[in-house]
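For reference, the structure discussed in these notes is given below.
Counting starts at 1 for both ligands and their atoms, in listed order.
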Amino acid sequence: MKVMKFGGTSVGKPQRMVDVATLITADNEPKIVVLSAVSGTTNALVEIGASLASGNRDEARKRIDALEVQYRSFVQELLQTEQGRAKGDAILQEHFEFLTIILRISYSEALSKDILAQGELLSTKLFSAYLEEKGIRHSLLPALDFMRIDSNDEPQVEVIREHLSRLIGQHAGVSLFITQGFICRNAKGEVDNLRRGGSDYSASLIGAAVNATVCEIWTDISGMHNNDPRVVDRTMPIEQLSFDEAAELAYFGAKILHPASIWPAQQYNTPVKLLNTMEPQAKGTLISEASVAKGVKAIAAKDRITAIKIKSSRMLLAYGFLRKVFEVFEKYRTPIDMITTSEVAVSVTIDNDSALSEIMTELEVFGTVDVDANQTIICIVGNEIASEPATLQHIFESLQGIEVRMVSYGGSVHNISLLVAGDKKVSVLQQLNRGLFKL
Ligand code: ADP
Ligand code: ASP
Ligand code: MG
């Protein structure tokens, strides 16, 4: 069994859905196809939720109407037979009726999750209608019937495995399954999701749950590039990455993969391939246990980072100080990304600043606390790069004129991270591209 996940742009137009149908029927291997929402839909649903949250029902209605117009023409173009179009219209009827009903009920966090789920429900049902029109045998597996997260929002792979094998078992003789990425049910049984970009995570969780031979992530670029192609002109695809390298890049900002999407693949040893729907013959990137070439492979950047420095002379020669500092972050369930220490100060970075003021109040008991918002972590990844003296030299030579706020070196031999002011991100990425890759 293999898993094939197609992102928003890969299903973003009727013709793209037709191309996806060709890709998934190219061989007879049993597969689970995971689809994102049509590109732009989740953003539109977020805006509808925001309009409702602020009590602006007229604006919400206008946004819903605009989305419906877009989907009506999508159906006309995707489906050709009278029967197919009737099916497509019925799907739109059901989901836009739901969106109309929400205009009349009071807004809540749970309702906003229901709204967001409409994107993946629509894309998979319309795609299924297309496959049906073409006579391609398949079954739709509702993600809400098997994808589960616990009360800490952690996916429950073994529960997912049980539900999925039961569901698949109900469709004897079927070897093509279609399901929604992103959406799941939480510990309370409510509709929830795996956060933005979460369809990659759905795919790797499904891959782990069914012991897939491979988890293919099909998107709009031919694999993981050595640098962020959105801000750096000359970037190139990487043929092979280890799970560790890919996980660091995903966590530290390479948008092509959801930050958490590598651990299920690594834990259950499922190779992951990053492929391009628009250029299916391109090699893409293979992510597996093996780390092949040594040296720097890629650079990624994570924005909106907050740096916190706690300075206290009480830290001098004291033990137990760091524990007390870390306990404050633990209490507020706020993960720390980077840490540097000196004898009298410790600096840490966080990307979730929702409990910042409470954290600061507690840290101020220990000493002086300075906070810098809008920082960026630049993460340089490669096999054993921290053990190559020349790499460090090239990095610092490339950074002329840039003030580096923190450096994390030696925590892992595969990663060197730097903290710089957010407005320096683009120049740092470009300068490192020239210095480390000669691009
Ligand atoms: P999908 O909708 O298929 O999930 P995404 O937009 O989430 O696609 O991810 C693909 C995009 O990630 C690319 O179009 C590219 O702009 C961006 N991206 C950011 N960093 C990288 C990188 N290092 N390598 C490849 N793509 C990257
Ligand atoms: N549709 C969701 C989003 O836009 C999930 C995904 O595309 O991966 O975030
Ligand atoms: Mg994505």
Close N/O pairs between ligand 2 and protein, under 3.5 Å:
from: ligand 2; atom 1: 1 (N); to: T42; atom 2: OG1; distance (Å): 2.8
from: ligand 2; atom 1: 1 (N); to: E120; atom 2: OE2; distance (Å): 2.6
from: ligand 2; atom 1: 4 (O); to: T42; atom 2: OG1; distance (Å): 3.4
from: ligand 2; atom 1: 4 (O); to: R196; atom 2: NH2; distance (Å): 3.0
from: ligand 2; atom 1: 7 (O); to: S36; atom 2: OG; distance (Å): 3.2
from: ligand 2; atom 1: 8 (O); to: G197; atom 2: O; distance (Å): 3.4
from: ligand 2; atom 1: 8 (O); to: G198; atom 2: N; distance (Å): 3.4
from: ligand 2; atom 1: 8 (O); to: S199; atom 2: N; distance (Å): 3.0
from: ligand 2; atom 1: 8 (O); to: S199; atom 2: OG; distance (Å): 3.1
from: ligand 2; atom 1: 9 (O); to: R196; atom 2: NE; distance (Å): 2.7
from: ligand 2; atom 1: 9 (O); to: G197; atom 2: N; distance (Å): 2.8

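- Under the 3.5 Å distance criterion, with hydrogens and angles disregarded, no donor-acceptor pair is assigned to the side chains of D200 and S261.
- For Q170, the CD atom counts as densely surrounded, since its 6.0 Å shell holds more than 12 non-hydrogen atoms of other residues, nucleotides or ligands.
- When side chains are defined from C-beta on, L392 does not count as touching I385, because their heavy atoms never get closer than 4.5 Å.
- Between the CG atom of L286 and the CG atom of L275 there is a distance of 9.5 Å, given to the nearest 0.5 Å.
- Both the sub-6.0 Å distance and the 45° axial angle are satisfied by K302 relative to the ring of Y251.
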Under 3.5 Å, side-chain donor or acceptor atoms of residues 417-426 against the rest of the protein: list the pairs with distances, not counting sequence neighbours.
from: S417; atom 1: OG; to: N415; atom 2: OD1; distance (Å): 2.9
from: K425; atom 1: NZ; to: D303; atom 2: OD1; distance (Å): 3.4
from: K425; atom 1: NZ; to: D303; atom 2: OD2; distance (Å): 3.0

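- The line from CG of N43 to CZ of R196 is 4.5 Å long, rounded to the nearest 0.5 Å.
- In this structure, the side chains of P229 and I221 come closer than 4.5 Å at one or more pairs of heavy atoms.
- Judged as a salt bridge (Lys or Arg N to Asp or Glu O under 4.0 Å), and not counting sequence neighbours, the contacts of E158 are R161.
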Are there any N/O pairs under 3.5 Å between ligand 1 and the protein, and if so, what are their distances?
from: ligand 1; atom 1: 2 (O); to: G8; atom 2: N; distance (Å): 3.1
from: ligand 1; atom 1: 3 (O); to: T219; atom 2: OG1; distance (Å): 2.7
from: ligand 1; atom 1: 4 (O); to: K5; atom 2: NZ; distance (Å): 3.1
from: ligand 1; atom 1: 6 (O); to: K255; atom 2: NZ; distance (Å): 2.8
from: ligand 1; atom 1: 8 (O); to: T219; atom 2: OG1; distance (Å): 3.2
from: ligand 1; atom 1: 12 (O); to: I256; atom 2: N; distance (Å): 3.4
from: ligand 1; atom 1: 14 (O); to: D220; atom 2: OD1; distance (Å): 2.8
from: ligand 1; atom 1: 14 (O); to: D220; atom 2: OD2; distance (Å): 3.4
from: ligand 1; atom 1: 23 (N); to: H225; atom 2: O; distance (Å): 3.3
from: ligand 1; atom 1: 24 (N); to: H225; atom 2: N; distance (Å): 2.8

